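Read through the structure below, which is laid out as C-alpha cells, and then see the notes.
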Protein chains: 2
Amino acid sequence: MDGYGQYFKALRESKGATLREVERQTDVSNAYLSQLESGKVKQPSPNTLYRLAKFYQVSYEMLMEKVGYPVSKSNALPKDQSISSAAKNKLGEISNEEEVELLQYLKFIRNRKS
Amino acid sequence: MDGYGQYFKALRESKGATLREVERQTDVSNAYLSQLESGKVKQPSPNTLYRLAKFYQVSYEMLMEKVGYPVSKSNALPKDQSISSAAKNKLGEISNEEEVELLQYLKFIRNRKS
DNA sequence: TAGCTTTGCTTGATATCGCAAGCAATAGAT
DNA sequence: ATCTATTGCTTGCGATATCAAGCAAAGCTA
C-alpha cells in the first residue's frame, strides 16, 4: 500500500534517532514524521524532503524521485542507480560480517518471491 | 506580492496561447492557470511545474527555483564512498523493496547483540 | 509504589492545491 | 440585433500537507 514510509523509518532507525530528535534537527513535526513513516502521507513537499535529505545525508533528488515527483535529468537514469547510492550511503560502513549476512539475506529475499 | 505570476503570464502570451489552450496541452485547468498567473498560488506542485515546463519549453529546475523550492545545484553527496567495491557491485542492482528490507535487516543485526 | 520523562501515535484544526462549474465580457457570424 | 463560441476569471469544494496538543505505554528514578 505504501512504499517509502518504510524507507524513511529505516533511515531514521539506522541512525538511531527518535521522532523528536529528527523534529529538532529538521523542523518537521514528530506528528508528521510519524504519519510519513506509516504511509499516511502521499507526497511530502520538496521543502520537507530537502530537510530530511540533509539530516539523513541522502540525495535530495533521490527522495524527490522516490515519492514520485518528476526529476528531469534522472528520467534517463535507471532507478536502481539512485537506490544504489542510497544503499551506499546507508550501507557504506558495514563490516565484512554484516556484508555477508546482508548478501545472504538478499538471497533469501529473492528466493522467497519465486 | 505576486512574483512569478507575471512570469507565467508572459510565458503564455509570448506563445500566443489562451488559458484553455494551455489546459488542453498540459492538463492543468484554466481556472488554476488563471490563479497561477494572478499570483493567487503560493507553490504549485512539481508535477504541475513539470507539465508547464514542457509546454513552455523552459527548464523544469528553473521553474522549481522560481517558485521557491530547494534545488540542489551542487550535489551534497560525494560520489565515491568508502564502501567495499565488492559489496557495491553486488548490491548495485537491488530494487526499492529490497533496499528497505536490507536496511531493516541491518538494524536487526546490529541490535541482536544488545 | 509513585512520580517524571521519553517515545510513538492519533486527532482536530488550518492552509493550500487543483478542479468543475459557472459567470460576464468580448468577438464573429448570420 | 440575435445567437454562439471564446476568453479570462471567480467561487465552492474535495483532497492533501503540516502542525499543536494531547494520550497511552514504557522507561527511569527516588
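Here is the naming used below: chain letters follow the sequence lines, and residue numbers restart at 1 for every chain. Treat the numbers as computed from the prediction; the structure is a model and nothing was measured.
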Go nucleotide by nucleotide along DNA chain C from the 5' end; which of A:Ala17 and B:Thr48 gets its closest nucleotide reached first? A:Ala17
A:Ser29 near the nucleic acid: base, sugar-phosphate alone, or nothing, with a heavy-atom cut-off under 4.0 Å? base
With sequence neighbours excluded, what pairs up with B:Arg12 under the salt bridge (charged side-chain N to carboxylate O under 4.0 Å, His left out) test? B:Glu37
Looking at OG of B:Ser29 and CD of B:Gln35, how far apart are the two atoms once the value is rounded to the nearest 0.5 Å? 7.5 Å
5'-most to 3'-most nt of DNA chain D touching chain A (<4.0 Å, heavy-atom partner on protein side) reads D:dT16 to D:dG22
Between CZ of A:Arg24 and OG1 of A:Thr18, what distance do you get to the nearest 0.5 Å? 5.5 Å
Per nearest nucleotide of DNA chain C, the residue lying toward the 5' end, A:Arg12 or B:Pro46, is A:Arg12
Let's see if you get this right: which residues in residues 19-26 of chain A place a heavy atom under 4.0 Å from DNA chain C? A:Leu19, A:Arg20
The reported gap from OG1 in A:Thr26 to CD in A:Glu21 (rounded to nearest 0.5 angstrom) is 9.5 Å
Quick one: list whatever passes side-chain contact (heavy atoms from CB on, under 4.5 Å) with B:Ser45, sequence neighbours left out. B:Asn47, B:Thr48
Check nucleotides 10-16 of chain C for protein N or O atoms closer than 3.5 Å to its own N or O atoms and list the pairs.
{"unit_1": "C:dT10", "atom_1": "OP2", "unit_2": "A:Lys40", "atom_2": "NZ", "d": "2.6"}

With a 6.0 Å cut-off (strictly less than), is the heavy-atom count around NZ of B:Lys15, excluding the residue itself, greater than 12? yes
Atom-pair distance (CG on B:Asp27; P on C:dG18), nearest Å: 13 Å
Any carboxylate oxygen within less than 4.0 angstrom of a Lys/Arg side-chain nitrogen, looking at B:Arg20 and B:Glu23? no
State which residues pass side-chain contact (heavy atoms from CB on, under 4.5 Å) with A:Ser34; sequence neighbours excluded, sorted by chain then number. A:Leu19
For A:Leu52 and A:Val22, what are the C-alpha separation, side-chain angles and deciding distance, and is it a side-chain contact (heavy atoms from CB on, under 4.5 Å)? CA-CA 8 Å; A:Leu52 294 179; A:Val22 180; 4.1 Å; yes
Can you measure from CG (A:Leu63) to CZ (A:Phe8) and round to the nearest 0.5 angstrom? 4.5 Å
